[in-house]
Amino acid sequence: MSTQEIYEHFTLPLLQWFHQYGRKDLPWQIPGNAYAVWISEIMLQQTQVRTVIPYFLRFMNTFPTLRTLACASEDQVLAQWSGLGYYSRARNLHKTAKIICNDFHDYFPDDIETLMKLPGIGPSTAAAIASLAFNKPTAILDGNVKRVLCRYFLIAGSMEQTSVTRQLWQLAKQCMPLHDCAAYTQAIMDLGATCCTIKSPNCSNCPLHTTCLAYQTNEVAHYPHKKLKK
DNA sequence: ATCCCGTGTA
DNA sequence: TACACGGGAT
C-alpha cells in the first residue's frame, strides 16, 4: 500500500472520525501545554483515563507549572502521587522537572532525542509529547496503536518478534500525517481504546472497516497474534 | 537486543 | 505464585 493510499484510506478517515466523535475535552488536552501532556502521559502509562483524571487534576492544582514542581520537595511530590503506585516514576518526574528548569531555562524540549535523555522518558513518551504537545509528526506505538495496525494491515506473527515490531514502527510512521499530528495521535489512541478493542471490537462503527484487512477477511478476533508460550 | 521494574491477575 | 503487561534503561 502506497503512502498516498494509506493517507486516503486510513489516516484521513481516522482524522475525520476523530473530529466528529473523539475526546477533545480531557483535562490535559490544553493546546501547547507540554507540561500537562507530560504529567498525563506518565500517569497514563500505568492507569486508565477514568482513574487518572482526578489524580491529574489534584496534581496540577498543587503543581500548576513546571517550576512549582521543580521547587517542591520530593516528599511533596510523592504525597500527590500517593495512590497511583510506581513511585519511581514520581521521583523521575521530579528529577526531570528540575533538569528542565535548570538546564533548559523552563522551556520544555520539543525533539525526541532531547526528550529521551530525561529520566523516565523513553521512546514512547518522547514521541507522544512531541506529537501531542508540539504537533510534530513523530509516530507512537503503544498497545492500542499496535492492535489497530496489526488488524488493519493484517500483520501476522507474535508481538515480541523484533521483525513484527519493526514492521509496525514503519507502518506507524507511514500513517502519521504531516499536518494535524496531535489530532492524529489522539485519534489512533482513541480508536484503539473505544472501537478497536481487544475483546468484542466494535467494527460496525469503525471508520476504517471498509478497508481493514482483518475485517475484510473475518480475522479480527485472531489479530494481533498471541504471544507464544515459553 | 536484552534486561529490569511494579503491579494486577489467573 | 507465575506470568502478562507496558513501559524504561543499558
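Please read all numbers here as calculations on a predicted model, not as lab measurements. Chain letters run A, B, ... following the sequence lines, proteins first and then strands; every chain starts at 1.
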Original post:
Is there a side chain to side chain contact (heavy atoms under 4.5 Å, CB included) between Trp81(A) and Ile42(A) once you walk through the steps?
Top reply: CA-CA 11 Å; Trp81(A) 197 265; Ile42(A) 302 297; 3.8 Å; yes
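With hydrogens and angles left out, the side-chain atoms of Glu219(A) and His222(A) include a donor and acceptor closer than 3.5 Å.
Closest to the side chain of Ser124(A), from the set dA1(B), dG7(C), dT7(B), is dG7(C). Listed nucleotides: dG8(C), dT7(B), dG6(C). Nearest to the side chain of Arg89(A): dG6(C). Checking dG8(C), dT7(B), dG7(C) against the side-chain heavy atoms of Tyr86(A) singles out dT7(B) as nearest.
Nucleic acid contact class of Ser88(A) (heavy atoms, under 4.0 Å, all strands): none.
The aromatic ring centroids of Phe59(A) and Phe63(A) lie less than 6.0 Å from each other. For Tyr35(A) and Phe108(A), the ring centers are positioned 6.0 Å apart or more.
Per the geometry, NZ belonging to Lys146(A) stands 15 Å off P belonging to dA4(C), to the nearest Å. Rounded to a whole Å, the CD atom of Gln48(A) is 13 Å from the C1' atom of dC5(C). Whole-Å rounding puts the Leu84(A) CG to dG6(B) P distance at 16 Å. Whole-Å rounding puts the Ile121(A) CD1 to dG7(C) C1' distance at 13 Å. Atom CD of Gln45(A) and atom P of dA4(C) are 21 Å apart (whole Å). Remark: P of dA4(C) and CG of Asp142(A) are 20 Å apart, rounded to the nearest angstrom. Residue Lys117(A) contributes atom NZ, which lies 17 Å from atom C1' of dG8(C) at whole-angstrom precision. A straight line from CG of Asn92(A) to P of dG6(B) spans 12 Å, rounded to a whole angstrom.
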